[in-house]
Amino acid sequence: SLAGYTDWQLPDKETLQQMFAYSEGGHYSQAELQRMFPDVRSSRYWSSTTFLFSTSLAWFVNFNNGYVSNSLRSPSNYVRCVRGGK
């Protein structure tokens, strides 16, 4: 529960990529991202998308450079939850 809502979830890989700055292939400018998410870190953020060939791997987006890759789910990365099925 956050801000009166209980339908928060981890975004899938595509949604997380779209949240990145459009200068790096996303849909938002860096200024828009800072306004919407003032505490965003230039670091890796987990998506809810698991790797097709191994459920022990999941996809992440690096908000420092837009790099998208998969990794074992054990390392600590940030999460950015979204609402409304996204």
Side-chain angles (χ1 to χ4, degrees):
S1 177
L2 178 66
Y5 298 99
T6 59
D7 60 343
W8 297 97
Q9 61 188 15
L10 205 55
D12 61 27
K13 180 177 71 164
E14 289 75 23
T15 301
L16 193 59
Q17 284 178 277
Q18 291 172 0
M19 291 169 65
F20 196 67
Y22 60 67
S23 62
E24 303 294 339
H27 289 231
Y28 300 99
S29 71
Q30 201 70 336
E32 289 170 314
L33 284 173
Q34 285 299 319
R35 183 181 49 76
M36 292 185 293
F37 308 113
D39 61 343
V40 71
R41 304 278 188 243
S42 294
S43 189
R44 293 178 173 184
Y45 283 81
W46 284 120
S47 78
S48 64
T49 308
T50 57
F51 188 62
L52 181 63
F53 302 108
S54 175
T55 57
S56 63
L57 301 172
W59 290 93
F60 66 84
V61 175
N62 189 324
F63 271 46
N64 181 47
N65 56 17
Y67 180 72
V68 179
S69 189
N70 57 65
S71 176
L72 288 173
R73 298 203 268 175
S74 57
S76 296
N77 289 333
Y78 289 96
V79 294
R80 172 65 59 188
C81 292
V82 295
R83 293 187 52 233
K86 289 289 184 177

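Here L52 pairs with nothing under the side chain to side chain contact (heavy atoms under 4.5 Å, CB included) rule; sequence neighbours left out. Annotation: side-chain hydrogen bond (donor to acceptor under 3.5 Å, both in side chains) contacts of R80 (sequence neighbours excluded): D39. Remark: F51 engages F53, S54, L57, W59, N70 in a side chain to side chain contact (heavy atoms under 4.5 Å, CB included) (not counting sequence neighbours). Scored by the ring pair (Phe, Tyr, Trp, His ring centres under 6.0 Å) test, F60 finds no partners at all (sequence neighbours excluded). Legend: residues meeting side chain to side chain contact (heavy atoms under 4.5 Å, CB included) with T50, ordered by chain and number and at least two apart, are R73.
Residues Y45 and L10 have side chains not in contact (no heavy-atom distance under 4.5 Å, counting atoms from C-beta outward). For the pair D12 and S48, the minimum side-chain heavy-atom distance is below 4.5 Å.
Atom CZ of F63 and atom CD of Q17 lie 9.5 Å apart (nearest 0.5 Å).
In this structure a side-chain-to-backbone donor-acceptor pair under 3.5 Å is missing from S47 to L16.
Closest heavy-atom contact between A58 and W46: O-CZ3, 3.5 Å. Listed here is the closest heavy atom pair of C81 and P11: CA-CD, 4.3 Å.
Sorted by first then second residue, the salt bridge (Lys or Arg N to Asp or Glu O under 4.0 Å) pairs that include residues 42-61, not counting sequence neighbours, number zero.
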